[in-house]
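Heads up, the thing below is written out as structure tokens.
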Number of protein chains: 2
Amino acid sequence: MGSDGAEPGSVRPGGRTARVRTAVLRAAGDALAERGFAHLDLADIARRAEVGKTTVYRRWGTATGLVADLLADMAEQSLPRTETGSLLGDLRANARLVQRTLADPRQGALFKAVIAAATCEAKTAEALHHFYDVRVTEWAPCVQQAIDRGEVPEGTDTHEVIRAVSAPLYYRLLTSGGPLDEDAADQAAAAAATAAAAGAYLRGKELG
Amino acid sequence: MGSDGAEPGSVRPGGRTARVRTAVLRAAGDALAERGFAHLDLADIARRAEVGKTTVYRRWGTATGLVADLLADMAEQSLPRTETGSLLGDLRANARLVQRTLADPRQGALFKAVIAAATCEAKTAEALHHFYDVRVTEWAPCVQQAIDRGEVPEGTDTHEVIRAVSAPLYYRLLTSGGPLDEDAADQAAAAAATAAAAGAYLRGKELG
DNA sequence: CGATTAATGAAACTGGAGTTCCGTTATGGG
DNA sequence: CCCATAACGGAACTCCAGTTTCATTAATCG
């Protein structure tokens, strides 16, 4: 009569359970990149991961649930940030990192797929938001340094500046379909740096 | 033997055929907004449209095919553009229009859903790109006017400036989940106007 | 190391998404 | 107005994504 206990995989998370999760998440990433979110098939993922499909359904339940876990895993793998000494240089480094990621066939397709999945389920959306929170928080300090150097006005929302760099690149990826080349990255970085220096990202209120 | 002829609905596009298309596209929009792309069910759409499900499968085939047609229909319904006399004013009007659309529960959900669908099928992606091309082309003249007035340097990519206004709003909608309020719209407009005036969107090459 | 039981996985099962068949409706041309 | 047939729609059918069952394997605790 007691409760059903916790989620499968939480009581004995070591050994096989961990290996299964790794294999399934890897297979899920491959399948998402190759086939897209709409054509995702959990049985196919189980086959790729050399795991019983029952296991995949039991532990993750739905395609969006699996993507949510994949996003949680992706959020943990952080890339080191480079520092160049100027805001424009730092933003450009960030823009080119994002651009290279989205322009890469596998990674670009993967990001499209996880974003598509996030539009279909609140829990997956939350996982996606967390993933970007982590990435943005990693880069925000370079804007703070620019504030300290006097390049950017006090009171600027540092996170918003970082998001402003990525936004046009994601817009191209998803809606315009324009080329995601280095020029696009540099343009995004330059626009964000210029706007930030002019105080366009001051916290709390917009420019008059 | 001879060819199979054209797509169903192309030989006798009037009367019932047109009514069916209208009813199905309306039902598809409702279903996408309410349930999201992943939970889309063509039989359910047929029921809502009071149409045989055979008809929906025959004419549109797949969920992504139906969304592609919906996007073609949406591209034809254009909204009038307001003019304020200044670039910032015009961009702000555009930004608030986009913001209000995305913040609206039904429209916001619908846009998320069509973007999700577009990530899954090349034809649907093309339809989405065309939709945004139409919208951007409608607003680009206000940037040209700013160039003519001397507010923005010659050689600026007018379409890119318009896209720069929308990009941060779509970024919030899809990845950050931050509030889509008027301040967000005004900030996007101000940042784009500032960057455009500084020559960040010059065609062909980025700033040094 | 051995007992307990969480977690896995093969196989059989089920429901509904998508298809096929064919009779009915009504469009567009003459 | 009438005919040929494009397009629709109900019903029966198929097939596979997702579920259930239960035996097997191996993670954790003592």
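Letters A, B, ... are given to chains in the order of the sequence lines, protein chains preceding strands, and every chain is numbered from 1.
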So which protein nitrogen or oxygen atoms get under 3.5 Å of nucleotides 23-25 of chain C's nitrogens or oxygens?
{"unit_1": "C/dT25", "atom_1": "O2", "unit_2": "B/R16", "atom_2": "NH2", "d": "3.0"}

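You'll find the side chain of A/L32 reaches within 4.5 Å of the side chain of A/V67, heavy atoms only. In this structure, the side chains of B/N94 and B/V98 come closer than 4.5 Å at one or more pairs of heavy atoms. At a threshold of 4.5 Å between non-hydrogen side-chain atoms, the residues B/D104 and B/L110 do not count as touching. Taking 4.5 Å as the limit, some side-chain heavy atom of A/R47 sits within range of a side-chain heavy atom of A/D44. Counting heavy atoms from C-beta outward, A/L66 and A/L25 have side chains that approach closer than 4.5 Å.
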*Using the side-chain contact (heavy atoms from CB on, under 4.5 Å) rule, take A/W60 and A/V24 through it: C-alpha gap first, then chi angles, then the decisive distance, then the call.*
CA-CA 10 Å; A/W60 291 280; A/V24 169; 3.6 Å; yes
*Evaluate the side-chain contact (heavy atoms from CB on, under 4.5 Å) criterion for residues A/L97 and A/T82: first the C-alpha distance (whole Å), next the side-chain angles of each, then the deciding distance (0.1 Å), finally the verdict.*
CA-CA 10 Å; A/L97 180 63; A/T82 58; over 6 Å; no
*Could you check B/Q187 against B/D183 for side chain to side chain donor-acceptor pair (under 3.5 Å), going step by step and ending with a plain yes or no?*
CA-CA 6 Å; B/Q187 186 180 72; B/D183 283 1; over 6 Å; no
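For the helix from C/dC1-D/dG30 to C/dG30-D/dC1, the axis fitted to the five pairs at one end and the axis fitted to the five pairs at the other end meet at an angle of 60° (nearest 10 degrees).
Looking at residues two or more places apart in sequence or on another chain, you find a side-chain hydrogen bond (donor to acceptor under 3.5 Å, both in side chains) between B/T64 and B/T62, B/E121. Legend: residues meeting side-chain hydrogen bond (donor to acceptor under 3.5 Å, both in side chains) with A/E126, ordered by chain and number and at least two apart, are absent. Residues passing the side-chain hydrogen bond (donor to acceptor under 3.5 Å, both in side chains) test with A/D30 are A/R106, sequence neighbours excluded.
Contacts of residues 60-67 of chain B with DNA chain D (heavy atom under 4.0 Å): none. Proximity of residues 18-51 of chain A to DNA chain C (heavy atom under 4.0 angstrom from any strand atom) is restricted to A/V20, A/V51. Only at 4.0 angstrom or more do the heavy atoms of residues 118-127 of chain A sit from any atom of DNA chain C, so none qualifies.
A/T17 comes within contact range of the sugar-phosphate backbone alone, with a heavy-atom separation under 4.0 Å but no base atom that close. In this structure, B/R59 reaches the sugar-phosphate backbone alone: every heavy-atom distance under 4.0 Å involves primed, P, OP1 or OP2 atoms, never a base.
Rounded to an integer number of Å, the gap from CZ of A/R58 to C1' of C/dA7 is 6 Å.
With a heavy-atom cut-off of 4.0 Å to chain B, the contacted part of DNA chain D has its first and last nucleotide at D/dA4 to D/dA11.
In this structure, CZ in A/F111 is found 6.5 Å from CG in A/L102, a value given to the nearest 0.5 Å.
For a distance-only test at 3.5 Å, the side chain of B/K53 qualifies as a donor-acceptor partner of the base of C/dG18.
The residue from B/R149, B/Q144, B/Q145 that alone fulfils the side chain to side chain contact (heavy atoms under 4.5 Å, CB included) condition with B/I147 is B/Q144.
Between the side chain of A/D157 and the backbone N or O of A/R203, no donor-acceptor pair lies under 3.5 Å. Remark: side-chain polar atoms of A/D90 are not paired, donor with acceptor, to backbone N or O of A/E83 under 3.5 angstrom.
Along DNA chain D, the nucleotide closest to B/T54 and the one closest to B/P8 are compared, and the more 5′ of them pairs with B/P8.
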Report, one line per pair, each donor and acceptor closer than 3.5 Å where one atom sits in a side chain of residues 158-174 of chain B; sequence neighbours left out.
{"unit_1": "B/E160", "atom_1": "OE1", "unit_2": "A/R172", "atom_2": "NH2", "d": "3.4"}
{"unit_1": "B/E160", "atom_1": "OE1", "unit_2": "B/R163", "atom_2": "NH1", "d": "2.7"}
{"unit_1": "B/E160", "atom_1": "OE2", "unit_2": "A/R172", "atom_2": "NH2", "d": "3.4"}
{"unit_1": "B/Y170", "atom_1": "OH", "unit_2": "B/Y132", "atom_2": "OH", "d": "2.8"}
{"unit_1": "B/R172", "atom_1": "NH1", "unit_2": "B/P179", "atom_2": "O", "d": "2.6"}
{"unit_1": "B/R172", "atom_1": "NH2", "unit_2": "A/E160", "atom_2": "OE1", "d": "3.4"}
{"unit_1": "B/R172", "atom_1": "NH2", "unit_2": "A/E160", "atom_2": "OE2", "d": "3.4"}

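Every pair tested for salt bridge (Lys or Arg N to Asp or Glu O under 4.0 Å) that includes a residue from residues 131-143 of chain B fails, sequence neighbours excluded, so the list is empty. For residues 13-28 of chain A, the side chain to side chain donor-acceptor pair (under 3.5 Å) pairs, not counting sequence neighbours, are A/R21-A/D69.
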